[in-house]
Amino acid sequence: MTALQAASGGGTELLQLLLDAGADIDAPGVGTFGKTALQRAAGDGIVEEVQFLLRRGANVNAPPARDQGGTALQMAVRYGRMQIVLMLISAGAKVNAERAEMMGYTALEEATITGRPDMVEFLMKSAVKQGVLADMKVRPEIKRAEGKGFSREVRADGTAVHIKLNV
């Protein structure tokens, strides 16, 4: 773990000091649960640090650590951080980013596993806007979402999606 990764959660002043001293803003997470500074701040729900790191040029789509890692978006979804999810999508986070090789989940898988229909709906709509819904239709997490009481409707042109929770 780098000093910058360890400093996440300590406030933007400390992050600023480390970045000004030459810390690598996108140093990859290593080991089990490894995270970049942005991934950690996103998962921890630290809005100010996420905003700061994005302004400083952190890679919103930095890949997850190999073992149980997650992109910033996947981490925010995992812990139910909707405000940060909105920020990351606005900053260009890829809805269908690859999961970690070992014990990893896509953002949509995270939303379904944690039972968040609001996030499932938002992620599906974002996938339409990003033009990646077709890629996601056949992925296992969509089937899991439907299996957990969700259903979806997608127009033939792929421009709209409706998600509902079947109760």
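Residues: numbered from 1 along the sequence shown. Worth knowing before you read on, the calculation uses all heavy atoms, side chains too, and leaves out hydrogens, waters and symmetry mates.
For Leu4 against Ala37, the heavy-atom pair with the smallest separation is CG-CB, 4.0 Å. Nearest heavy-atom pair, Asp26 versus Asn59, reported as atom, atom and distance to 0.1 Å: OD1-N, 2.8 Å.
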Applying side-chain contact (heavy atoms from CB on, under 4.5 Å) to Val50 and Leu38, what does each step give before you reach the verdict? CA-CA 6 Å; Val50 170; Leu38 179 61; 3.9 Å; yes
One pair to check against side-chain contact (heavy atoms from CB on, under 4.5 Å): Thr71 and Val60. What are the steps and the verdict? CA-CA 8 Å; Thr71 65; Val60 72; over 6 Å; no
Determine, step by step, whether Val120 and Leu108 satisfy the side-chain contact (heavy atoms from CB on, under 4.5 Å) criterion, reporting the C-alpha distance in whole Å, the side-chain angles of both residues, the deciding distance to 0.1 Å, and the verdict. CA-CA 6 Å; Val120 170; Leu108 192 54; 4.0 Å; yes
Taking it one step at a time, do Met82 and Asp118 satisfy side-chain contact (heavy atoms from CB on, under 4.5 Å)? CA-CA 9 Å; Met82 185 56 116; Asp118 58 331; 4.0 Å; yes
Donor-acceptor list for residues 9-19 side chains, cut-off 3.5 Å, not counting sequence neighbours:
from  : atom 1 : to    : atom 2 : distance (Å)
Gln16 : OE1    : Arg56 : NH1    : 3.4
Gln16 : NE2    : Asp20 : OD1    : 2.9
Gln16 : NE2    : Asp20 : OD2    : 2.9

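Panel note: side chain Gln68, backbone Ala100; no donor-acceptor pair is recorded below 3.5 Å. Distance alone, capped at 3.5 Å, is enough to place a donor-acceptor pair between the Gln39 side chain and the Pro63 backbone.
Evaluation of the salt bridge (charged side-chain N to carboxylate O under 4.0 Å, His left out) rule for Arg81 yields no partner, not counting sequence neighbours. Applying the side chain to side chain donor-acceptor pair (under 3.5 Å) criterion to Gln74, with sequence neighbours excluded, gives no partner residue.
Following chains of ILVMFWY side-chain contacts shorter than 4.5 Å, one can reach Met119 starting from Ile89, so the two form part of one hydrophobic cluster.
Between atom CD1 of residue Ile84 and atom CD of residue Gln51 there is a gap of 8.5 Å, rounded to the nearest 0.5 Å. Separating the NZ atom in Lys94 from the OG atom in Ser126 is a distance of 15.0 Å, to the nearest 0.5 Å. Atom-to-atom distance recorded for Leu53:CG and Arg40:CZ is 11.5 Å, nearest 0.5 angstrom.
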